[in-house]
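Just so we're clear, the structure is a prediction, and the values are computed from it rather than from any experiment.
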Amino acid sequence: MHSLRSGPVSPARFAARCLSTSSQVHAAAKTKKTLAKPNVKNIVLVDGVRTPFLLSGTSYSDLMPHDLGRGALQGLLNRTGVPKEIVDHIIYGIVIQEVKTSNVAREVGATGTSVIVCVCVFFVSCVCRSAAVGLIAAGQCDVVVAGGVEFMSDVPIRHSRKMRKTMLSLNKAKTLGQRLSLLGSIRMGHLMPELPAVAEFSTAESMGHSADRLAAAFGVTRVEQDEYALRSHRLAKKAQDEGLLSDIISFQVPGKNIISADNGIRPTSMEQMGKLKPAFVKPHGTVTAANSSFLTDGASAVLIMSEEKALALGYKPKAYLRDFVYVSQDPKDQLLLGPTYATPKVLEKSGLTMEDIDVFEFHEAFAGQIVANLKAMDSDWFAQNCMGRKSKVGVPPMEKFNTWGGSLSLGHPFAATGCRLVTTVAHRLQKEGGQYGVVAACAAGGQVFLPKYTYAQLARADTEYSRGATVQVFLVHSFGLFSVHVLCMKMTMCKSVQKHF
C-alpha cells in the first residue's frame with residue numbers, strides 16, 4: 001500500500017485485509033499471530049513524515065525549532081488529509097529546548113500558524129508516542145499527532161553562573177552606586193560561557209564517552225565500528241537512490257531553495273575513515289566522527305488514531321500500536337545497552353521469537369553501541385551473568401537489520417528519530433512483505449514513574465522503578481505496529497564483562 005488514503009474503506013473489508021499488496025504474503029501472514037488483545041482498543045499508525053534531516057549549521061541554520069516542527073506537521077496534514085479540527089492532542093518532543101518557546105508543541109501546532117488552532121498540546125523530553133498511545137487506550141481521545149524536533153544549529157549557550165548571578169543582582173540594583181559596584185566585580189572568568197554538551201547530568205559523562213567505554217568493554221575494535229558505519233551510509237545511499245525514503249516531505253527554507261533530501265549520507269572508504277582521530281577518549285579511543293551519529297536538524301510527525309476512528313474516516317493504517325513498557329538501565333555503565341535487555345522481554349511478552357521477526361530497526365547512536373549490543377545479544381555468558389537469563393537473546397540477522405541505513409547516516413535529531421524509526425519499519429514491512437518488526441532506541445534521561453494505563457499488561461504499575469537510561473522498543477507487524485517498552489530493575493554491568501569479551 002503506497003497511498004495512505006485512497007477513498008472510503010468499509011470496516012468489514014478493511015479488517016480482513018493485510019496491508020501488503022501481495023496475496024501470497026497475505027496468505028502466509030494468516031498463519032501468524034495477530035497480537036490483538038481482548039478488551040483493548042486497537043491503536044493504529046496512519047502515517048508518518050519527516051523533514052529532510054540535515055547536518056547542523058547547513059541550510060536550516062537561520063530557522064528556529066518550531067519552524068521545522070510546523071513544516072513536519074503541515075506535511076503530515078497535507079499527506080493524510082486529516083481534518084485538523086478532529087485532532088485531539090499534539091504531543092511533541094524536544095531535547096535541547098529553545099528558551100524562547102517554553103512549549104514547542106504549542107508553537108508547532110496551536111499558535112502563530114493556521115495549522116491547528118484549538119487543540120490540547122504538550123511537549124516531552126523523552127518518548128512521545130508512549131503518551132499518545134496511552135491517551136487513546138484510556139479512551140480520552142481518538143486522534144493524536146505525535147512528533148519531535150531538534151535544532152542543533154542554534155543551541156542555548158549560557159553565561160557562567162557567576163555572571164548570571166551578577167546580572168540578576170544588577171537588575172535589582174536601585175542606585176547608581178550599587179550598579180557600578182556590581183559592574184566592577186566582573187572578572188574575566190565571569191565571561192567564560194557554559195557550552196552545551198550531550199551529557200548525563202548524574203554522571204557528567206557525554207554519550208560519546210559512554211560509547212567508547214562500552215566498545216572497550218565488549219572488545220569492539222575501531223575497524224568493526226568503521227565497517228558498520230560504512231555499511232549504514234552505503235545502505236542509506238542505496239535507499240535514497242531507489243526512492244525508498246518516502247517519509248521525507250520537502251521543506252521550503254525562507255529565502256532559499258526547497259530541501260528534499262537528507263544531506264548527511266556520505267559513503268566513503270575505510271581508508272578515509274581510518275584517518276580520523278578519536279573524538280571523545282583521546283588519544284586511544286575508538287569512537288570517531290565517522291562512526292558516530294552527527295549533530296542534526298530535523299523534525300518528524302506521525303498520525304495516530306484508534307482503529308475505529310481511522311476506519312470511519314476511510315484510512316488504510318500502516319501499523320498497529322499495541323502497548324508499551326520501559327527498560328531502565330544504569331546511566332553509568334549501561335546507558336546504551338537497553339536494546340539487549342528489552343528485546344527478549346518484548347518477544348517473550350508477545351509469544352514470539354527472534355526467528356519470527358522480519359524487520360529490525362535499532363537506533364544507531366554510535367557504531368560501537370550497535371556492535372556491542374549485537375555481541376551482548378549473542379553471548380550466553382552475558383545473558384547468564386548480567387541479565388539473569390539461561391541463554392543468549394540471539395543476534396538479529398544482518399539481512400533484516402537497518403537495511404535502509406540508520407541514524408549514523410540519515411542523521412539523528414534527538415526527539416525526531418523515534419517517529420522515523422517507527423515509520424521506516426512500517427514502510428519496510430510493506431516493501432519486503434514482512435509481518436513483524438522490532439524497533440529499539442536507547443534514550444538518555446530515564447523514567448521515574450509509569451502511568452496506570454488501561455492495558456491489562458500494565459496493571460503492575462506498582463513496580464519499583466529505577467532512575468537511569470531508558471530504551472524504547474516497538475514490536476511491529478504488517479497489519480499493525482505493536483509497541484512495547486519494557487521496564488526492569490536497575491542493574492549494574494558486570495565488572496568482568498571486559499575480561500570475558
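A donor-acceptor contact shorter than 3.5 Å links the side chain of Y315 to the backbone of V82. Of the possible donor and acceptor atoms, none in the side chain of E307 sits under 3.5 Å from a partner among the backbone N and O of V44. Judged by distance alone, with hydrogens and angles left aside, the side-chain atoms of H159 form no donor-acceptor pair with the main-chain N or O of R164 at under 3.5 Å. Between the side chain of D142 and the backbone N or O of S306, no donor-acceptor pair lies under 3.5 Å. For the pair K400 (side chain) and I357 (backbone), a donor-acceptor distance under 3.5 Å is present. A distance-only check finds no donor-acceptor pair linking the side chain of R428 to the backbone of D358 [under 3.5 Å]. Of the possible polar contacts, one joining the D297 side chain to the M152 backbone as a donor-acceptor pair under 3.5 Å is found. The backbone N or O of R50 lies less than 3.5 Å from no partner atom in the side chain of S300, so there is not a single donor-acceptor pair. Between the R420 side chain and the H412 main chain, no donor and acceptor come within less than 3.5 Å of each other. Counting only distance, with no hydrogens or angles, the side chain of T296 and the backbone of F294 share a donor-acceptor pair below 3.5 Å.
Separation of atoms CZ (F362) and CG (L421) is listed at 10.5 Å; rounding is to 0.5 Å. The distance from the NE2 atom of H66 to the CG atom of N103 is 12.5 Å, given to the nearest 0.5 Å. Once rounded to the nearest 0.5 Å, the distance linking CD of Q369 with CD of Q225 reads 10.5 Å. Here the straight-line distance linking atom CG of N78 with atom CD1 of I249 works out to 8.5 Å at 0.5 Å rounding. Atoms CG and OG, from D226 and S269 in turn, are 10.0 Å apart once rounded to the nearest 0.5 Å. If you take CZ on F251 and CG on D67, they are separated by 6.0 Å, rounding to the nearest 0.5 Å.
A donor-acceptor contact under 3.5 angstrom links the side chains of S260 and S250, judged on distance only.
Among all heavy-atom pairs drawn from F280 and H209, the shortest one is O-NE2, 3.3 Å. Residue V49 comes nearest to A72 through the heavy atom pair CG2-O, 3.4 Å, listed as atom of the first residue, atom of the second, then distance. Between A261 and P52, the shortest heavy-atom distance links the atoms O-CB, 3.4 Å. Considering every non-hydrogen atom in both G411 and F53, the closest pair reads O-CD1, 3.8 Å. Residues S59 and L54 come closest through the heavy atom pair CB-CD1, 3.7 Å. Among all heavy-atom pairs drawn from L68 and T51, the shortest one is O-CG2, 3.8 Å.
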- Stepwise, does the salt bridge (charged side-chain N to carboxylate O under 4.0 Å, His left out) test hold for E242 with K431? CA-CA 12 Å; E242 294 177 359; K431 177 71 174 178; over 6 Å; no
- Should T268 and M273 be marked as a side chain to side chain contact (heavy atoms under 4.5 Å, CB included) after you check the CA-CA gap, both sets of side-chain angles, and the distance that decides it? CA-CA 7 Å; T268 179; M273 296 174 74; 3.5 Å; yes
- Report the C-alpha distance between T423 and D247 in whole Å, list the side-chain angles of each, state the deciding distance to 0.1 Å, and finish with yes or no for side-chain hydrogen bond (donor to acceptor under 3.5 Å, both in side chains). CA-CA 7 Å; T423 306; D247 55 335; 5.4 Å; no
- Task: Please step through side chain to side chain contact (heavy atoms under 4.5 Å, CB included) for the pair E107 and V149, ending with a clear verdict.
- Result: CA-CA 12 Å; E107 308 308 324; V149 60; over 6 Å; no
- Item | Criterion side chain to side chain contact (heavy atoms under 4.5 Å, CB included) on Y60 and I259, from CA distance to verdict | CA-CA 9 Å; Y60 293 154; I259 310 297; 4.1 Å; yes
- Item | Check against side chain to side chain contact (heavy atoms under 4.5 Å, CB included), T424 and L410 | CA-CA 12 Å; T424 297; L410 300 173; 5.7 Å; no
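Between V438 and E361 the shortest side-chain heavy-atom distance does not fall below 4.5 Å. Counting heavy atoms from C-beta outward, M354 and T343 have side chains that approach closer than 4.5 Å. Taking the side chain as every heavy atom from C-beta outward, L408 and N291 never approach each other to under 4.5 Å. Residues F151 and E98 have side chains not in contact (no heavy-atom distance under 4.5 Å, counting atoms from C-beta outward). Side-chain contact between L73 and V145 is present, with at least one heavy-atom pair separated by less than 4.5 Å. Two residues are said to be in side-chain contact when any heavy atoms from C-beta on lie closer than 4.5 Å; E364 and S293 fail this criterion. Looking only at side-chain heavy atoms (C-beta outward), I370 and F401 come within less than 4.5 Å of each other. Counting heavy atoms from C-beta on, the side chains of L337 and N373 come closer than 4.5 Å.
Within a 6.0 Å sphere centred on NZ of K100, other residues, nucleotides and ligands contribute 12 heavy atoms or fewer. Annotation: M398, atom CE; neighbour count of heavy atoms from other residues, nucleotides and ligands within 6.0 Å is above 12. Heavy atoms from other residues, nucleotides or ligands lying under 6.0 Å from CG of D241 number more than 12. Open room surrounds CD on E308; 12 or fewer heavy atoms of other groups in view lie less than 6.0 Å from it. Atom NZ of K238 has 12 or fewer heavy atoms from other residues, nucleotides or ligands within 6.0 Å.
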